[in-house]
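Indexing begins at 1, ligand by ligand and atom by atom, following the structure's order.
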Amino acid sequence: MAIQINETYRVFKLDTKHSSYVLGVNGDGYAGHMYYGDRLTFDGGEMSDTGNMLSLLGADQKNSIPADSQREKVNLHDTFLWEYGMPGYGDFREPCLEVDAGSGEEALEFLYKGYEVVKGKPALEGLPSTFSDDCETLVLHLSESDLKLELKLYYSVFEEEDAITRTVVVENHGGISCHLERVMSLCLDLRDGGLDLITLHGAWGRERNVYRREVGEGKQSIGSIRGVSSHQENPFMALLEPDATEDTGRVYGINFVYSGNFLAQVEKNQFGHVRAVMGIHPYHFSWKLGAGESFTAPEAVLVYSSQGIGGMTRNFHDLYRGHLIRGMYRDRKRPILINNWEATYFDFNTEKLWSIAEEAAGLGIEMLVMDDGWFGKRNDDNSSLGDWFANEEKLPGGVKRLADGVRERGLKFGIWVEPEMVNPDSDLYREHPDWILQYRDREVSRSRNQYVLDIGRKEVRDEIYRRISRVIKEAGIEYVKWDMNRSLTNVASHTAPSDEQGMVYHRYVLGVYEMQERLVTDFPELLFENCSSGGGRFDAGMLYYSPQIWCSDDTDAIERLSIQRGTAMVYPLSTMGAHVSDCPNHATHRTTPFDTRGQVALCGTFGYELDVTKLTAEEKEKIKEQTDMYHKYNDLIRSGDYYRIVVPSEKTPYDCYMVVAKDQSEALLSFVRVMHRINSWGVRIWPKGLDTAAEYRLSDRDGIYSGNMLMNVGIEINGAQKDFEGKLIHFYKERK
Ligand code: DGJ
């Protein structure tokens, strides 16, 4: 049983395979945090050791305030470890909820009312979330008697993945509406404050660099108020023991299943306790909750591992591959695609795309994707977003004629769209200038010469969806890349009254989710890829709709090593859009070997982004080898366990990781020499994750080696001596 309850002590114990999370209700009716870490072995239904456990905790955590003495209530609130911190009575840490009920008062006191345990995991209406019929969900009911608000705290327990997902529902049972000024999805109060923090930072073209530092006194936060989860800061943080490594130590990973503004914050208080919160960013958030209405906060995911950062990563990967990503392509090899963006940019027509398709078909490529520039009068990035009709000058006979011709040449066909945007120079904008996000009477700031559509409005998304889905239907489109190329600014809606303007950011995200849900429901066989100027919206929310996301506009193989490594901290390799592109690379001007470019892309979704009609015979042969390799290794890469082996540094200027099959029957090691150093000894690598008792062959040398020997003695890397050269080594089991 994943959830055990001791009714006498009002203690709730949530068990996964390797972790326990314990919470309880004190004598005052406060829901408090008791423990999160390695699995506690007291089981057996009644949890007879619960009393013992309580006696280990500090008096403030288990006792109520003596009825005859309310003099230290503030102290109790200040020191209590809360399941959901509230303002106004003495908890001075970051609050989880703020309500404007019109009275001007701030204080909230939610008291325990009861609980329920639900089999499976309730879906969150209109929001992406993990799913399972097998897990168990604890719902804790709390109530605020003065404001007549009810709070439900949800905990779903995924035993195999060592994950607990959290969300919060606020219900208004009062007779009047109020405004929720902030609703965090997760609060984690930890007693032991000696922790490090890992977050992912970046920029356009330099997404998701791993940044580790000590959790210091005071607050450290990351977040986004760009309307998207952003290139700059990903909605993820890990708290870990200071001496935790890639393979050892306790790590708590926290990730937000949401694609808009977020706040992720840790705070170390005067007692050394640490509070972590994650939720929608309170900036310009003010959700009007009418009488009888409820608000569901997006889901936050917690994973635990005592096997270091690598263990945390593998738990995230398993959870997302099994319980977040949906659709036909989730567990399938995706068609190898060629995208024309870096091949032609806006300068293409039907004939050009057919010539690429023709050449690609003979090389093992399976799908052609027509990127930006096929609609309206679009010949550069200044016009036509919103006019989702074929540009007949480029594509005579329309998208269908082009698509049919591509299919005749043996390839599937996909298109690029950017549904959330409109250019001022477009028929759509001329017809509906009030469809954009805009403050009344204020100039709207443009970015890439485009405005953001008010996707929170039904009539706007209905019309955009109608236009795009018509093209998909008519031309039998098999793949869609949904792009989004600017941050949100001037966030206000022409149709919302002033007391609803604080809902516009979140409504926008809900609108995007609604459109994407329609798309995957109406076209269940579509391969769907999200994108946002590269990886500006690479988050778990998007993965609920599309099994893959374009990782970065930087397609340089060497830059991609760190971008993909940072992305894989949380998100599975099967989700990372990765292509072989031209050299010198258009972004970095670096020239890397064709083999290395293939090797790096192979560990993502794999595809091409260059003009195959201009390649040499030798390069074309290499494509054939690479597409064969994709078919050989993709099942393993998509479904295996990912191990970081070496992160490039001054002393180790090379990158190495492995993917090991779940049954340990085979593994693939990727090594790339980022920089050659003169007079350095050979490189030895210590593989991970192999079956110690099994014997393996290696694709680049003779002999049979036990997993035990390989992982302890290590292997010398032969070859890959020069800058940017790489090498793949396949390990496969000889016999048990
Ligand atoms: C940004 C994307 O990341 C690119 O791959 C490409 O689709 C361009 N937009 C097209 O405008």
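- Going from atom CZ of Arg486 over to atom CZ of Arg226 covers 11.0 Å, rounded to the nearest 0.5 Å.
- Here the protein heavy atom with the shortest distance to atom 4 (C) of ligand 1 is Asp553 OD1, 3.4 Å.
- For ligand 1 and Trp550, the ligand atoms under 4.0 Å from any heavy atom of the residue are 3 (O), 5 (O).
- Tyr451 contributes atom OH, which lies 14.5 Å from atom CG of Leu488 (distance to the nearest 0.5 angstrom).
- With sequence neighbours excluded, no residue forms a ring pair (Phe, Tyr, Trp, His ring centres under 6.0 Å) with Tyr283.
- At a heavy-atom distance under 4.0 Å, only side-chain atoms of Arg448, from C-beta outward, approach ligand 1.
- Scanning the protein for heavy atoms near atom 7 (O) of ligand 1, the closest one is Asp371 OD1, 2.6 Å.
- Aromatic ring centres of Tyr657 and Tyr642: separated by under 6.0 Å.
- Among Lys481, Met367, Met370, the single residue meeting the side chain to side chain contact (heavy atoms under 4.5 Å, CB included) criterion with Asn339 is Lys481.
- For atom 11 (O) of ligand 1, the closest heavy atom belonging to the protein is Asp372 OD2, 2.7 Å.
- Under 4.0 Å from ligand 1, the heavy atoms of Cys531 that appear belong solely to its side chain.
- Regarding atom 1 (C) of ligand 1, its nearest protein heavy-atom neighbour is Asp483 OD2, 3.1 Å.
- Here the heavy atom of the protein found nearest to atom 5 (O) of ligand 1 is Lys481 NZ, 2.7 Å.
- Contacts with ligand 1 closer than 4.0 Å are made by no heavy atom of Asp381, backbone or side chain.
- Proximity of Glu418 to ligand 1, defined as any heavy-atom pair under 4.0 Å, is not found for any part of the residue.
- Within the listing of ligand 1, atoms 1 (C), 9 (N) sit less than 4.0 angstrom from a heavy atom of Asn485.
- Within the structure, salt bridge (Lys or Arg N to Asp or Glu O under 4.0 Å) contacts touching residues 558-576 (residues at least two apart or in different chains) are Glu559-Arg590, Arg565-Asp655.
- Using a 4.5 Å heavy-atom cutoff, the side chains of Thr313 and His317 are in contact.
- A parallel orientation is assigned to the rings of Trp435 and His432, their planes being inclined by less than 30° (bins at 30° and 60°).
- Residue contact check: Ser533 has heavy atoms under 4.0 Å from atoms 1 (C), 3 (O) of ligand 1.
- Between Phe671 and Tyr654, the angle of the ring planes lies from 30° to 60°, which puts this pair in the tilted group.
- At least one N/O-N/O distance between Trp416 and ligand 1 falls below 3.5 Å.
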